[in-house]
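Positions are given from 1, in the same order as the sequence printed here.
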Amino acid sequence: MIKVIDGKRYNTDKAEEVYGYYTGQYGDFDYRERTLYRTKAGAWFMYHAGGALTDMAVVTSGNDRTGSTAIEPVSDDQAYAFLEQHSDDEAALAALERYFGDRVQDA
């Protein structure tokens, strides 16, 4: 997916996929995906996808609902918070330590 936001191009095919969190089964009404990406220039963005029964639902003709996708630029702090929230997953923990190791300390 490619989206231009404030003059900056975000491209899921060219950026590094850092970590993805999924609930439900792809194609189901309750499917929800949040995938964190990092561009070669170091910018963070989130790819969102969701079914008709999620916060990604959009109203179509005839007042029906369908799922949608979106790209959202996120700050370093938002990327950190997303990875920290999911740090019980080994992949998220590895990404957190790789990109934000200076923020993580042993208790």
Side-chain angles (χ1 to χ4, degrees):
M1 179 177 189
I2 300 172
K3 178 79 174 175
V4 176
I5 301 170
D6 294 330
K8 295 183 181 178
R9 182 182 304 110
Y10 298 91
N11 184 338
T12 57
D13 290 333
K14 293 188 176 183
E16 175 188 6
E17 183 177 326
V18 174
Y19 178 72
Y21 181 76
Y22 314 87
T23 57
Q25 294 292 320
Y26 180 79
D28 286 352
F29 292 133
D30 64 347
Y31 174 76
R32 186 65 166 87
E33 173 184 347
R34 293 171 183 85
T35 303
L36 181 64
Y37 285 86
R38 190 166 193 247
T39 68
K40 290 179 183 177
W44 295 98
F45 69 96
M46 192 78 69
Y47 169 79
H48 296 275
L53 295 178
T54 70
D55 60 331
M56 295 300 297
V58 293
V59 176
T60 62
S61 62
N63 212 22
D64 291 332
R65 295 168 63 94
T66 190
S68 69
T69 60
I71 286 182
E72 171 194 20
V74 296
S75 67
D76 287 353
D77 288 340
Q78 290 170 310
Y80 175 86
F82 177 71
L83 292 171
E84 184 180 57
Q85 177 184 4
H86 299 286
S87 63
D88 56 337
D89 181 327
E90 288 183 27
L93 180 58
L96 185 66
E97 291 175 343
R98 177 178 177 194
Y99 293 102
F100 300 103
D102 59 328
R103 293 193 193 187
V104 179
Q105 302 173 17
D106 288 331

What heavy-atom pair brings D30 and G24 nearest, and what distance separates the two atoms? OD1-CA, 4.4 Å
The reported gap from CG in L93 to NE2 in H86 (rounded to nearest 0.5 angstrom) is 13.0 Å
Please check this pair: side chain of Q78 against backbone of S75, looking for a donor-acceptor N/O pair closer than 3.5 Å. yes
For residues 39-63, pull every pair meeting salt bridge (charged side-chain N to carboxylate O under 4.0 Å, His left out), keeping only residues two or more places apart or in separate chains. R32-D55
Indicate yes or no for a side-chain donor-acceptor contact from S68 to the backbone of M56 under 3.5 Å, with no hydrogens or angles considered. yes
Give the C-alpha distance, both sets of side-chain angles, the deciding distance and a yes or no for side-chain contact (heavy atoms from CB on, under 4.5 Å) between L36 and V74. CA-CA 9 Å; L36 181 64; V74 296; 4.0 Å; yes
Measuring from E84:CD to F100:CZ, what's the distance to the nearest 0.5 Å? 10.5 Å
Tracing side-chain links under 4.5 Å among I, L, V, M, F, W and Y, which residues wind up in one group with L53? F29
Kindly indicate, with the supporting measurements, whether the criterion side-chain contact (heavy atoms from CB on, under 4.5 Å) is fulfilled by M46 and Y37. CA-CA 6 Å; M46 192 78 69; Y37 285 86; over 6 Å; no
Quick one about Y31 and E33 (side-chain donor to acceptor, distance below 3.5 Å, no hydrogens or angles considered), yes or no? yes
Sequence neighbours excluded, every pair satisfying side-chain hydrogen bond (donor to acceptor under 3.5 Å, both in side chains) that has a member inside residues 19-29: Y19-D89
Non-neighbouring partners of R9 that pass side chain to side chain contact (heavy atoms under 4.5 Å, CB included), sequence neighbours left out: I2, V4
R103 and D77 ion-paired at < 4.0 Å: yes
The reported gap from OG1 in T54 to NE2 in H48 (rounded to nearest 0.5 angstrom) is 11.0 Å
Scan residues 60-72 for pairs that pass salt bridge (charged side-chain N to carboxylate O under 4.0 Å, His left out), counting only residues two or more places apart or in two chains. none
Does the separation of the ring centres of W44 and Y10 fall below 6.0 angstrom? no
Indicate whether any N or O donor in one side chain lies under 3.5 Å from an N or O acceptor in the other, for Q85 and S87. no
Report the C-alpha distance between V104 and Y80 in whole Å, list the side-chain angles of each, state the deciding distance to 0.1 Å, and finish with yes or no for side-chain contact (heavy atoms from CB on, under 4.5 Å). CA-CA 10 Å; V104 179; Y80 175 86; 4.3 Å; yes
Hydrophobic cluster identity match, F82 and F45, side-chain contacts under 4.5 Å: no
Does E16 come within less than 4.0 Å of R98, counting only side-chain N to carboxylate O? yes
Could you work out, with side chain to side chain donor-acceptor pair (under 3.5 Å) as the rule, every residue matching Q105, not counting sequence neighbours? none
Sidechain-backbone polar pair: T12 side chain, M1 backbone, donor-acceptor under 3.5 Å: yes
